[in-house]
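Encoded as structure tokens, the structure appears first; notes follow it.
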Amino acid sequence: MPSYGQGLLDHIASGVSAGESPITHVAELPARRARHTPWPDWAHPAVVHALDDRGIARPWTHQIEAAEHAHHGRHVVVATGTASGKSLAYQLPVLTTLANEPRASALYLSPTKALGADQLRAVTALVDSDPALAGISPCAFDGAPPTETRQWARENSRWLFTNPDMLHVSLLRSHARWAHFFRHLRYVVLDECHYYRGVFGSNVALVLRRLRRLAARYGADPVFVLASATAADPGKAATQLVGAPCEQVIDDGSPHGPRTVAFWEPPLLPETVGQTPVRRPASTEAARIMARLLEEGARTLTFVRSRRAAELAALTAKDMLPADLAQRVASYRAGYLAEDRRALESALSAGDLLGVATTNALELGVDIAGLDAVVVAGFPGTVASFWQQGGRSGRRGEGSLVVLVARDDPLDTYLVHHPAALLERPVEATVTDPGNPYVLGPQLLCAAREMPLRDDEVDALGAHDVLTRLAREGAIRRRPHGWFVTAGIDPHAAVDIRGGGGGQVAIVDTTSGQLLGTVDVGRAPATVHSGAVHIHQGESYVVDELDLDDGVALVHPETPDWTTAARQTTEIAIRSTLEHKQFGDVSVAFVEVEVTRQVVGYLRRLHTGEVIDSVELDMPEHSLETRAVMYTLDPDVLEDAGIDATRLPGALHAAEHAAIGLLPLVATCDRGDIGGVSTALHGDTGLPTVFVYDGHPGGAGFAERGHRELVRWLNSTRDAIRACSCTAGCPSCVYSPKCGNGNDPLDKDGAARVLDVVLAAIG
């Protein structure tokens with residue numbers, strides 16, 4: 001007898017047009033039984049009573065294993081699946097300590113405001129249920145709280161719920177005002193810590209070191225409790241993040257019902273024959289799948305990539321359903337009022353809403369039970385996010401269905417044809433690099449402003465060279481009692497921990513004066529140049545003017561029937577070699593490079609892909625010092641593989657594009673975090689060379705991860721190219737949406753041959 005999830009999938013498949021075969025793979029994941037354990041003797045009776053009142057009569061094994069580590073003073077990370085009750089692992093020891101010690105305090109940090117708000121509600125409900133917990137006074141401290149809220153939190157709250165941004169710019173910056181809180185700080189909770197990666201994660205790692213440093217000044221040594229999705233070596237990643245050894249708990253004792261996981265590849269659109277082939281959009285396909293599921297009465301959550309896509313997916317599904325079902329479909333995204341979001345969440349949990357199309361706003365922090373199916377429109381970038389989203393289904397312990405609908409993207413194409421890469425491997429190892437001098441330098445200035453840096457602290461961070469450079473620049477001075485920030489410098493305000501501390505360009509709507517957002521100075525010429533189409537929260541704007549001197553891009557609302565793609569020249573020079581290996585006619589290296597880019601114009605394209613025109617621009621050059629993984633090849637061995645001089649530029653270019661698209665398979669990065677250069681004759685190597693580099697000053701750890709995982713990465717890249725059904729290349733294999741050369745030249749077959757040569761040489 002087919003499972004419940006398979007039955008739902010059969011119903012979806014029955015609505016597919018004749019001749020289409022979108023399902024590439026189906027996996028049946030077995031149910032897992034619960035494993036319980038008794039409450040520990042040290043747990044405060046009021047806390048146990050409060051949890052019992054909320055339906056937790058017996059904890060699961062992993063919850064108590066992690067709580068035991070924390071209670072006995074050991075930093076710990078609990079890395080188990082979605083809906084595995086990781087919150088209890090820190091709620092139990094934290095609330096017990098706060099109940100037993102009337103002056104003790106705790107700090108909760110989350111990467112998103114929605115997650116923090118949800119956890120605050122849960123903790124508030126617990127402390128409100130028993131008078132013995134009343135003095136804990138949990139409180140939110142995020143965004144820009146009014147003065148009275150700040151004062152109340154400082155004077156009354158013993159469990160503060162905030163985010164790393166506020167910790168950096170407010171609590172640590174004004175630590176003297178929080179002296180009482182820091183003096184009695186017993187626990188620091190980092191929720192969903194796998195989100196702290198790349199430049200953001202590197203900044204957070206240094207913020208946490210500053211927190212531990214100031215806590216020690218006030219006589220505290222807090223225990224860190226981290227919660228993560230299932231991950232590769234979570235203890236190592238947590239240790240890197242916190243800066244101190246962390247135990248890991250990975251044996252999940254929670255139950256879940258059987259789950260059917262299906263991989264779905266939309267067909268190529270027939271009307272594009274003769275042009276670049278494209279597939280039916282993943283969000284449109286996902287809306288159709290959701291409508292079929294709702295016909296079967298299956299409560300369904302559909303994840304899409306943007307706010308606008310969420311609205312359109314909900315409307316598309318409604319149009320396909322009878323009126324009685326259509327009124328039970330809604331969209332959910334950031335930007336809604338809090339009360340509207342809560343109403344939608346309640347309606348979905350209660351079953352009043354049958355289907356919701358959402359951005360990743362529902363990926364974290366909202367406990368929704370009773371979902372039968374989840375549709376994921378496009379791989380969300382990491383295995384962690386996929387299972388966070390897919391794990392929303394089947395929470396009633398019954399069968400469920402998860403459908404991954406592939407976008408027109410090399411990574412999606414690879415995954416739907418190589419499902420083991422998603423189903424049979426753990427979440428990616430989190431990539432952080434706190435030693436990145438471009439991140440470390442600004443953070444050192446913040447630390448020194450908070451409290452002068454001692455030489456032993458500088459030595460422990462390996463930061464002597466960075467501080468010496470900052471001293472030459474006049475930002476910091478060495479005195480007998482340590483390193484002091486130069487008067488008049490405000491380092492905290494200059495550091496955006498999510499962007500790496502570089503300059504920002506403000507994007508302003510000229511019709512309303514509203515600040516829409518910011519973009520790094522280095523990326524501004526390619527993304528908000530004059531004439532560019534800028535998308536903000538699903539709305540389209542056209543850039544009127546980019547003023548790099550004043551740091552502002554002026555835009556106006558417009559919905560043109562065309563898009564823009566910057567054309568730019570890129571040169572890359574090797575500054576130093578960190579690691580190098582020679583494999584016969586192929587060499588592989590991890591290098592420090594200087595990338596010099598100049599936007600020279602942009603293409604305007606219709607949504608069909610047809611180019612309307614090319615517009616010239618006169619923009620300044622921009623240099624980026626970063627790190628790259630590279631390989632070189634001997635021209636003779638390429639000639640033997642059928643790649644002559646005329647094919648070489650297109651083959652290398654296509655191999656570079658495809659590799660950039662597949663790097664997120666081995667490193668937790670987005671395609672926008674990395675760049676690439678390929679050349680048939682590079683000035684520094686004298687050979688055909690391909691580079692893939694981090695798009696952040698100093699590097700973000702992604703290229704280094706690619707270097708370590710080179711064989712798996714390039715094998716996957718070659719397989720993705722060969723698995724694509726197009727004849728000469730398309731967005732699913734070798735085309736790039738951000739190519740500075742307009743995707744010309746590209747040689748799909750040549751790219752596969754280049755990768756054959758590299759992989760044959762290195763093993």
Inset, instruction - Indicate the atoms forming the closest heavy-atom contact of Gln389 with Pro380, along with that distance. - result: NE2-CB, 3.8 Å

Inset, instruction - Just say parallel, tilted or perpendicular for the rings of Trp483 and His464, cut-offs at 30° and 60°. - result: perpendicular

Inset, instruction - First locate atom CD1 of Ile674, then atom OH of Tyr693, and finally report the distance between them rounded to the nearest 0.5 Å. - result: 10.0 Å

Legend entry - Partner set under salt bridge (charged side-chain N to carboxylate O under 4.0 Å, His left out) for Arg173, not counting sequence neighbours: Asp490

Legend entry - Residues in salt bridge (charged side-chain N to carboxylate O under 4.0 Å, His left out) contact with Arg210, at least two apart in sequence or another chain: Glu450

Inset, instruction - Examine distances only and state if a side-chain atom of Thr358 and a backbone atom of Phe303 form a donor-acceptor pair shorter than 3.5 Å. - result: no

Inset, instruction - Can you see which heavy atom on Ser283 is nearest to which on Val304, and at what distance? - result: CB-CG1, 4.3 Å

Inset, instruction - Tell me, please, which residues at least two apart from Arg597 pass salt bridge (charged side-chain N to carboxylate O under 4.0 Å, His left out). - result: none

Inset, instruction - Can you tell me which residue pairs pass the salt bridge (Lys or Arg N to Asp or Glu O under 4.0 Å) test with a partner in residues 619-629, sequence neighbours excluded? - result: Glu592-Arg627

Inset, instruction - Only counting residues at least two apart or in another chain, list the ones meeting ring-ring contact (aromatic ring centres under 6.0 Å, His included) with His492. - result: His168

Inset, instruction - Report yes if some heavy atom in the side chain of Asp191 is under 4.5 Å from a heavy atom in the side chain of Tyr90; otherwise report no. - result: yes

Legend entry - Arg305 side chain reached by Thr359 side chain, heavy atoms, under 4.5 Å: no

Inset, instruction - Flag the pair Tyr196 / Pro111 as yes when at least one side-chain heavy-atom distance between them is below 4.5 Å, and no otherwise. - result: yes

Legend entry - Distance in Å, Asp142 CG paired with Asp165 CG, rounded so as to fall on 0.5 Å steps: 10.0 Å

Inset, instruction - Go through the steps to decide whether Ser331 and Glu311 satisfy the test side chain to side chain donor-acceptor pair (under 3.5 Å), and finish with yes or no. - result: CA-CA 6 Å; Ser331 60; Glu311 303 282 5; 2.9 Å; yes

Inset, instruction - Could you tell me whether a side-chain N or O of Thr112 sits under 3.5 Å from a main-chain N or O of Leu115, the two making a donor and an acceptor? - result: yes

Inset, instruction - Evaluate the side-chain proximity of Thr511 to Val555: yes if any heavy-atom separation is below 4.5 Å, no if none is. - result: no

Legend entry - Taking every non-hydrogen atom, the tightest pair across Arg197 and Thr432: CA-CG2, 4.0 Å

Inset, instruction - Measure the acute angle between the ring planes of Tyr541 and His534, then classify it against the limits of 30° and 60° as parallel, tilted or perpendicular. - result: tilted

Legend entry - Heavy-atom closest pair, residues Arg209 and Pro434: NH2-CG, 4.3 Å

Inset, instruction - Determine yes or no for a side-chain-to-main-chain donor-acceptor pair under 3.5 angstrom, with Thr486 supplying the side chain and Ala475 the backbone. - result: yes

Legend entry - Donor-acceptor contact below 3.5 Å, side chain Asp694 vs main chain Gly701: yes

Legend entry - Contacts of type salt bridge (charged side-chain N to carboxylate O under 4.0 Å, His left out), residue Asp465, not counting sequence neighbours: none

Legend entry - Sub-6.0 Å ring centroid separation between Phe141 and Trp152: no

Inset, instruction - State whether the number of non-hydrogen atoms from other residues, nucleotides or ligands found under 6.0 Å of Arg575 atom CZ is greater than 12. - result: yes

Legend entry - Side chain proximity check, Leu241 to Cys193, heavy atoms < 4.5 angstrom: yes

Inset, instruction - Could you walk me through whether Val223 and Val188 pass the side-chain contact (heavy atoms from CB on, under 4.5 Å) test, one step at a time? - result: CA-CA 6 Å; Val223 174; Val188 178; over 6 Å; no

Inset, instruction - Quick one: do Ser87 and Gln119 satisfy side chain to side chain donor-acceptor pair (under 3.5 Å)? Show the steps, please. - result: CA-CA 8 Å; Ser87 300; Gln119 290 302 305; 2.9 Å; yes

Inset, instruction - Applying side chain to side chain donor-acceptor pair (under 3.5 Å), run through His556 and Asp509 and close with a yes or a no. - result: CA-CA 5 Å; His556 69 270; Asp509 179 357; over 6 Å; no

Legend entry - Side-chain donor or acceptor of Thr564 paired with backbone N/O of Val533 under 3.5 Å: yes

Legend entry - Over all atoms of both residues, closest heavy-atom pair of Leu208 and Val242: CD1-CA, 4.4 Å

Inset, instruction - Search all heavy atoms of Arg449 against all heavy atoms of Gly488 and return the closest pair with its distance. - result: NH2-N, 4.3 Å

Legend entry - His696/Tyr438 aromatic ring centres below 6.0 Å: no

